[in-house]
Amino acid sequence: MDILALDFMIRAMIAAVFTGLAAPVVGTYLVQRRLALMGDGIGHVAVTGVALGLLTNTSPTWTAVVVAILGAVLIEVIREQGHANGDVALALLFYGGIAGGVLITGLAGQSAARLQEFLFGSITTISPDDVWVTMALSATVILLGVGLAPQLFAVAQDQEFAQVAGLNIRAYNVLVAVLAAVTVTVAMRTVGLLLVSALMIVPVAAAQQLTRSFRTTLLAAMAIGVSASFGGLMVSALALDVAPGPTIVLLALAGFVLTWPVGMWLRRRRRQQLPFDEIEPLAHDEIEEHPHEHGENCGHPAVPHGDHVDYVHDGHRHAPHGVHYDEH
Amino acid sequence: MLNETPGDRTVLEVENGSVAISGRPILRHIDVRIERGEFVALMGANGSGKSTLVRTMTGLRKPVGGTVRIFGSDLADFDDWHRIGFVPQRSTAGGGVPVSVWEVVSSGRLTRRRLLRPLMRKDRQAIMDALDVVGLADRSRDGITTLSGGQQQRVLIARALAGDPELFFLDEPTAGVDLPNQQALAQALATLKDRGATVVLVAHELGPMAPLVDRAIVMRDGRIAYDGPPLADHEVHGPLFGASHNHHHHPAPASRDHAPHVASPLDRTSDGEGR
């Protein structure tokens, strides 16, 4: 267990916890707006930012933040001005970002290995300064994302209603874009730019299998995100000699694989128990004889129907009526 | 109508309003005054401009000419948004994330909440009351997508109600809603009327809401063709007002070509108007 006491490992654990909490907050709003791939797009654009940092010998984190914010705001402008998704225009931006990044890295005379650190993450080489930046930016994202949840939720849910409610929808839309950009650059050290979107989106996808409200989805996604990023780091450090970034993402995906069947079952059960419409049956159809008595444990689902329950039996609806059953 | 001075009783006033979408004139010569406590039905055929007019009254669309005054102040300077309740055309009740009925209705309370404050007891009370009025209090914890279309529409009315507004705008609340739900809607609107609210209702057909209406405004081709006592549904769709009655309750999907919309960042498209 000595490895856990090493400085670089402590820094990695702090970074994992903060990014694991922050990324799903933004991810929830992106999923709600059906922009799940926006994080990916910003990640691609941020590659150019990293390369500019390498070229100019400044901190790649800060140049990535700046370029990612510019890219995110540009995506938001495209979304607002054009069609609801304008996805071709977005694709142009993504590929421009990654091609520009690779090209500029070459110009800077840096090897592909240096860029690789940012593409796939290298949480164990994070410097003390970077840890402070990660903590500060993640805390900002969490505070704004959770604190302004009612407003951000309303804007994402129904933009026109939010506008007539007096909310400045453009400001909130840009805020989400900027938060997404900041999250991408923060998580870049943890899981890498190419996998960053996974840490934002996969915990939300896993959480929403089991939840019924926005608030619980947000909180559950944060819990899953932090478990995956901390757990993934532990697995890669203690058990297997593998890179932490992909381990974190695969662990989050495992969470989805576990919750998905449960979610399917829950949704199916909820549909089955939906009350039948309160409409008088067409006729009083008696069932001639019935092999058993329906009850709490007869194995046939009991579904509310007006003032009584119908038992669903081989595609029929049996309603108890005195000593016999009626077809409803 | 009596020739009153525009004073306390006027809640909304459009003077010589005109609206253009992508440079194309849509509404022309619009003069409307709505008094406190009135229940006004804004009617007309598809494409007659009734939705555009309501969007102009709520500030979603800026007029290119004329003035819109709401509670005595110009719409551009208006910021008492808690006095307005808006029920948009039902569009996206479900986003990508599960949302409960309670959460949708509570976002109607935002007009009265300050930033970064939790829901107070007064807010919860207002949300519960709003759900009671539309008869869905027992569904508050359910996911919005488990509700039928008509019930979702009632949730949107509850959302507008939660902010305790004085003036309601409803854009086609009964489109595609079955009769029992239309009756439930009419009941909720009757409660609003009894409480003294002013209601502007866009409707293609009034159905069970007909007895509530005090005044009808009929739009035809972007102009007001009639303003007076309520009309029966068949009169509105008579030859005087243009298009005959057709059953286009659901907006036809907008046609799009399959060319990539590369120009979209620079090209401002008309945002799906004229439904």
Side-chain angles (χ1 to χ4, degrees), chain A residues 27-36 74 77-93 143 147-148 150-151 153-167 204-205 207-218 221 267 270-271 274 277-279, chain B residues 55 58-60 78-82 84-89 91-104 106-113 115-119 141-146 148 156 159-160 163 169 171 180 256 259-269 271-272:
Chain A
T28 309
Y29 295 109
L30 295 184
V31 172
Q32 194 196 10
R33 292 156 175 250
R34 301 190 185 281
L35 286 174
L74 188 59
V77 169
I78 292 172
R79 206 179 66 81
E80 189 192 279
Q81 302 278 318
H83 289 304
N85 42 26
D87 56 345
V88 174
L90 293 184
L92 298 177
L93 201 64
L143 283 180
L148 294 178
Q151 284 80 10
F153 166 79
V155 171
Q157 179 74 14
D158 189 337
Q159 197 146 311
E160 295 198 338
F161 174 81
Q163 192 176 341
V164 178
L167 297 178
V204 182
Q208 64 175 220
Q209 298 300 317
L210 309 179
T211 55
R212 274 196 279 184
S213 74
F214 186 81
R215 191 187 153 83
T216 47
T217 308
L218 179 67
R267 282 189 290 274
R270 222 174 278 154
R271 255 201 310 278
L274 225 54
D277 284 341
E278 265 185 74
I279 294 170
Chain B
R55 290 169 60 83
T58 51
L60 286 170
F78 181 74
D79 58 359
D80 281 343
W81 294 104
H82 60 87
I84 293 186
F86 178 48
V87 182
Q89 274 186 9
S91 47
T92 49
V97 172
V99 173
S100 70
V101 169
W102 172 273
E103 286 173 316
V104 173
S106 68
S107 66
R109 196 65 196 163
L110 281 177
T111 52
R112 302 233 176 221
R113 284 172 68 187
L115 279 181
L116 300 173
R117 294 283 179 81
L119 279 177
R141 298 284 156 201
D142 288 351
I144 184 90
T145 48
T146 63
S148 72
L156 296 192
R159 179 177 65 176
F169 295 99
D171 196 352
R256 283 202 187 158
H261 289 267
V262 179
S264 57
L266 309 169
D267 242 7
R268 200 180 189 121
T269 54
D271 4 325

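None of these values were measured; they are calculated from a predicted model.
For A/Ala162 against A/Ala154, the heavy-atom pair with the smallest separation is CB-O, 3.9 Å.
Across A/Thr216, A/Thr211, A/Leu30, the residue that shares the most heavy-atom pairs under 4.5 angstrom with chain B is A/Thr211. Ranked by non-hydrogen atom pairs under 4.5 Å with chain B, the options A/Ala207, A/Pro150, A/Gly147 are led by A/Pro150. When the candidates A/Arg270, A/Arg271, A/Gln163 are compared by the number of heavy-atom contacts under 4.5 Å with chain B, A/Gln163 comes out ahead. Put simply, of B/Val87, B/Leu60, B/Leu116, B/Thr58, the one with the most heavy-atom pairs under 4.5 Å next to chain A is B/Leu60. Chain B forms more heavy-atom pairs under 4.5 Å with one residue of A/Arg33, A/Arg267, A/Arg215 than with any other, namely A/Arg215.
Proximity to chain B is absent for every atom of A/Leu74, based on heavy atoms less than 4.5 angstrom apart. Contact annotation for A/Thr217: only side-chain heavy atoms (C-beta onward) come within less than 4.5 Å of a heavy atom of chain B. Looking at B/Leu110, only its side chain comes within 4.5 Å of chain A, counting heavy atoms on both sides. Only the side chain of B/Arg113 comes within contact range of chain A, judged by heavy atoms closer than 4.5 Å.
Side-chain contact between B/Glu103 and A/Ser213: present, with at least one pair of heavy atoms (C-beta onward) separated by less than 4.5 Å. Side chains of A/Val155 and A/Gln157 form no contact here, defined as non-hydrogen atoms less than 4.5 Å apart. B/Val101 has its side chain out of reach of B/Arg141: every pair of non-hydrogen atoms, C-beta onward, lies at least 4.5 Å apart.
When the salt bridge (Lys or Arg N to Asp or Glu O under 4.0 Å) test is applied to B/Arg112, no partner is found at least two apart in sequence or on another chain. Qualifying ring pair (Phe, Tyr, Trp, His ring centres under 6.0 Å) partners for A/Phe153, counting only residues two or more places apart in sequence or in other chains: A/Phe214.
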I would like to know whether B/Arg159 and A/Asp158 meet salt bridge (Lys or Arg N to Asp or Glu O under 4.0 Å); could you show each step before the answer? CA-CA 11 Å; B/Arg159 179 177 65 176; A/Asp158 189 337; 2.9 Å; yes
